[in-house]
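Written out below as structure tokens is the structure these notes cover.
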Amino acid sequence: MPGPGMELIDDDEIQEVLEVLRGGYLFRYGISLGSEVDPRFKGKVYQVEEEIARLSQVRYAVAVNSGTSALLVALAGLGIGPGDEVIVPGYTFIASMSAIIHARAVPVLAEIDRTFNLDPADVEAKITPRTRAIMAVHMAGNPARLDALKAIADAHGLALIEDCAQAFGASYKGRPIGSIGQTGTFSFNAYKTITAGEGGMVITDDEAIYRRCFAFHDQGHAPLRRGVEIGNRPFIGLDFRFTELQAAVLLAQVRKLPRILALLRRNKTRYKEMLAELPGLEFREITDPQGECATILTVMLPSAGVAQQIARELGTKVVGEAGWHVYNNMEQLLEQRMVTTACCPFACPHYTDKGGQMRYWKGMLPRTDALLARAINISIGVSDPGLGSGFGVTIADDLDVVEERAAQFCRVARRYL
Ligand SMILES: Cc1ncc(COP(=O)(O)O)c(C=O)c1O
């Protein structure tokens, strides 16, 4: 199974979905005739927004249909668009960049450090007069260096967007992730901590940003409209609405979060204890060991060659070669393949007239490349070949399976270390 939430689907999700189906309202609004809310409408989208806002310790949440659209909505909420640059790590899913590009802003790729998240020093070096935001992506369950990134953003008057797609449930120094930047976004696809098959959420504590996010996700409308509203729409939006069926599944999944986190953390701790004795093996730096989501264990081997041999024997790949999450493997980005030949935003006068000129190439982030070449991602609860975490355990595995798999890793690794 791809992720922990999907692995744990049971009667709880079934009952939630049946309740919605029996009521007959699959749409996020419960209006039938006039402006009365039909009692058969269950308001699951609204409930899951409230619940995730509460868990995230912010006032507002907007449920959307994917993590990608959550990012696009967040960018619209912040008013980021043509002529703007957003700094993003070179190790992330393409959605982080594609949302920026479809907002018609330009992604600026920055290096990661031993946290496998944004390197604050490189972020600072990449700031230009066009920079509007820093997108901190909390990769593989672990928060970026949020203190440093927030300080840089504040010092330069930039927005901090947290792409929390891969780390729902994590916290940073006591604060839930997503609540530290101006906006945070989540994904609920099958590879995430919890899932609704597809889905996303934007969170913010800022009412003006919330109203813009809501409007963008619902054709320009004000939050929680009661019917047809004309006259007050701030701009032209789109439709990224979540459905009652997805929200029903997600509500049941949210209730499983404490169990999911406890199991992931227990299994990761044991895995790490067993691997810790391997000479020359290092662990990814975790910015807040108490707050990590523990979906994946990232290890660094002394060299790319050693990492490749171990990965091959375990039937997996080093992170740099694994698949989707490395800028070097994103040909559509590297070659700036756009929907039309106008090549907006890269060739857009709003950008070029401000002195903007963006090129991407393989190898442009040498420190990121060096780290990913000697790293292996081990699944603790997220088995994603695109991340390289094809080896490891799932959340359904008992401690003895965890120990057996860790022992297998150690046996193979010892031959090369
Ligand atoms: C870091 C990151 N950002 C954004 C997304 C996009 O989420 P979705 O697949 O729900 O659109 C993903 C999904 O894998 C992701 O890993």
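Order of appearance sets the numbers: ligands from 1, and atoms from 1 within every ligand. Predicted model only: the values in this text are computed from it and were never measured.
A salt bridge links Glu49 with Arg28: the distance from a Lys NZ or Arg NE/NH1/NH2 to an Asp or Glu carboxylate oxygen falls below 4.0 Å. One finds no salt bridge joining Arg233 and Asp218 here, because no Lys/Arg side-chain nitrogen approaches an Asp/Glu carboxylate oxygen to under 4.0 Å. Of the charged side-chain nitrogens involved, none lies within less than 4.0 Å of a carboxylate oxygen, so that Asp12 and Arg255 do not count as a salt-bridged pair.
For atom 1 (C) of ligand 1, the choice among Leu72, Asn65, Val137, Val88 with the nearest heavy atom turns out to be Val137. Comparing Ala70, Ala165, Gly67 against atom 2 (C) of ligand 1, the shortest heavy-atom distance belongs to Ala165.
The Thr92 neighbourhood of ligand 1 comprises atoms 1 (C), with distances under 4.0 Å to a heavy atom of that residue. Ligand 1 places these atoms under 4.0 Å from at least one heavy atom of Ser187: 7 (O), 8 (P), 10 (O). Close contacts of ligand 1 with Ser66, meaning ligand atoms under 4.0 Å from a residue heavy atom, involve 10 (O), 11 (O). In the vicinity of Ala95, heavy-atom distances shorter than 4.0 Å reach the ligand 1 atoms 4 (C), 5 (C), 6 (C).
Taking atom 9 (O) of ligand 1 as the reference point, the nearest protein heavy-atom neighbour is Asn189 ND2, 2.9 Å. Scanning the protein for heavy atoms near atom 16 (O) of ligand 1, the closest one is Gln166 NE2, 2.8 Å. Looking from atom 12 (C) of ligand 1 to the surrounding protein, the closest heavy atom is Phe93 CD2, 3.5 Å. When hydrogens are left out, the protein atom nearest atom 13 (C) of ligand 1 is Lys192 NZ, 3.1 Å; that is the closest non-hydrogen contact. Considering only non-hydrogen protein atoms, atom 11 (O) of ligand 1 sits nearest to Thr68 OG1, 2.5 Å.
Aromatic ring centres of Tyr25 and Phe27 lie farther apart than the 6.0 Å criterion allows.
Rounding to the nearest 0.5 angstrom, the gap separating the OH atom in Tyr327 from the CE atom in Met97 is 10.0 Å.
Residue Glu198 places no N or O, backbone or side chain, under 3.5 Å from any N or O of ligand 1. The shortest N or O to N or O distance between His325 and ligand 1 is not under 3.5 Å.
Within the 4.0 Å heavy-atom shell around ligand 1 one does not find His138.
Between Phe409 and Phe391, the ring planes are tilted. Angles from 30° to 60° get that label.
Proximity of a side-chain donor or acceptor of Glu282 to a complementary backbone N or O of Met300 within less than 3.5 Å is not detected.
Under the 3.5 Å distance criterion, with hydrogens and angles disregarded, no donor-acceptor pair is assigned to the side chains of Tyr191 and Gln166. Looking only at atom types and distance, the side chain of Ser379 has no donor-acceptor partner in the side chain of Ser383 under 3.5 Å away. In summary, the side chains of Thr204 and Asp206 do not present any donor paired with an acceptor at a separation below 3.5 Å, with no hydrogens or angles considered.
Only side-chain heavy atoms of Asp163 come within less than 4.0 Å of ligand 1; its backbone N, CA, C and O stay farther off.
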